Amino acid sequence: MSQATPDTVSIEDFLKLDIRIGTVVRAEPFPQARKPAIRLWIDFGGELGEKKSSAQITAHYAPGALVGKQVLAVVNFPPRQIGPMLSEVLTLGVSDGKGEIVLMAPDQSVPNGSRLH
């Protein structure tokens with residue numbers, strides 16, 4: 001077996017991340033953030049319930065259009081203070097050609113709280 005390089009991780013490392021699907025139930029502009037952002041309240045269902053997140057997604061999304069959208073988030077990072085808000089999860093996205101964030105979402109509706117495999 002070859003030795004791991006700094007750019008690789010083991011499957012055990014990946015499995016430490018708890019990435020779940022949730023539905024945005026509320027979204028508001030977040031002018032207190034240092035970079036343009038939207039405050040999200042995401043319902044992960046059952047055991048996790050509703051969590052807050054600050055997401056720098058203003059280039060592609062308006063708060064009202066996000067309600068009802070399913071998104072992926074890392075739910076087991078420690079909370080992080082973003083201005084006056086405690087962000088409890090890291091909402092996941094990828095950069096478009098201009099470096100703006102596009103949210104990651106399933107192509108079909110799935111139960112809130114479902115884990116990424």
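None of these values were measured; they are calculated from a predicted model. Values reported hereafter were calculated over all heavy atoms of this structure, with side chains retained and with hydrogens, waters and symmetry mates removed.
In plain terms, the two heavy atoms of Gln32 and Pro84 that are nearest each other are CB-CD, 3.5 Å. When all heavy atoms are compared, the tightest approach of Trp41 to Glu50 is CD1-OE2, 3.3 Å. The two residues Phe44 and Ala73 come nearest to each other via the heavy atoms CZ-CB, 3.8 Å. For Phe30 against Ser54, the heavy-atom pair with the smallest separation is CD2-OG, 3.4 Å. Taking every heavy atom of both residues into account, Ile38 and Ala62 meet most closely at CD1-C, 4.4 Å.
No donor-acceptor pair under 3.5 Å is formed between the side chain of Tyr61 and the backbone N or O of Val102.
Among residues two or more places apart in sequence or in another chain, the side chain to side chain contact (heavy atoms under 4.5 Å, CB included) test is passed with Pro36 by Thr58. For Leu90, the side chain to side chain contact (heavy atoms under 4.5 Å, CB included) test picks out Val74, Phe77, Leu92, with sequence neighbours left out. The side chain to side chain donor-acceptor pair (under 3.5 Å) test applied to Gln81 returns no partner, not counting sequence neighbours.
For residues 59-69, there are no salt bridge (charged side-chain N to carboxylate O under 4.0 Å, His left out) pairs, not counting sequence neighbours. Sorted by first and then second residue, the salt bridge (charged side-chain N to carboxylate O under 4.0 Å, His left out) pairs involving residues 13-26 (not counting sequence neighbours) are Asp13-Lys16, Asp18-Arg20, Asp18-Arg115, Arg20-Glu47, Arg26-Glu28. Listed by first and then second residue, the salt bridge (charged side-chain N to carboxylate O under 4.0 Å, His left out) pairs that reach into residues 81-103 come to none, sequence neighbours excluded.
Residues Val75 and Leu48 form a side-chain contact, since some pair of their non-hydrogen atoms from C-beta on lies under 4.5 Å apart. By the 4.5 Å heavy-atom criterion applied to side chains, Leu86 and Arg80 are not counted as neighbours. With contacts defined as side-chain heavy-atom distances shorter than 4.5 Å, the pair Val25/Val67 does not qualify. Inter-residue side-chain proximity for Met104 and Val71 is flagged as unmet; no heavy-atom pair is nearer than 4.5 Å.
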Going through the distances and angles, do Lys52 and Met85 end up as a side-chain contact (heavy atoms from CB on, under 4.5 Å)?
CA-CA 8 Å; Lys52 294 178 291 197; Met85 181 183 137; 3.7 Å; yes

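To the nearest 0.5 angstrom, Ile19 atom CD1 is 13.5 Å from Ser114 atom OG.
No chain of hydrophobic side-chain contacts below 4.5 Å, direct or via other Ile, Leu, Val, Met, Phe, Trp or Tyr residues, connects Leu66 to Ile82. Val94 is connected to Leu72 through a chain of hydrophobic side-chain contacts under 4.5 Å among Ile, Leu, Val, Met, Phe, Trp and Tyr, so both are in one cluster.
Between the side chains of Asn112 and Thr23, at least one donor N or O lies within less than 3.5 Å of an accepting N or O.
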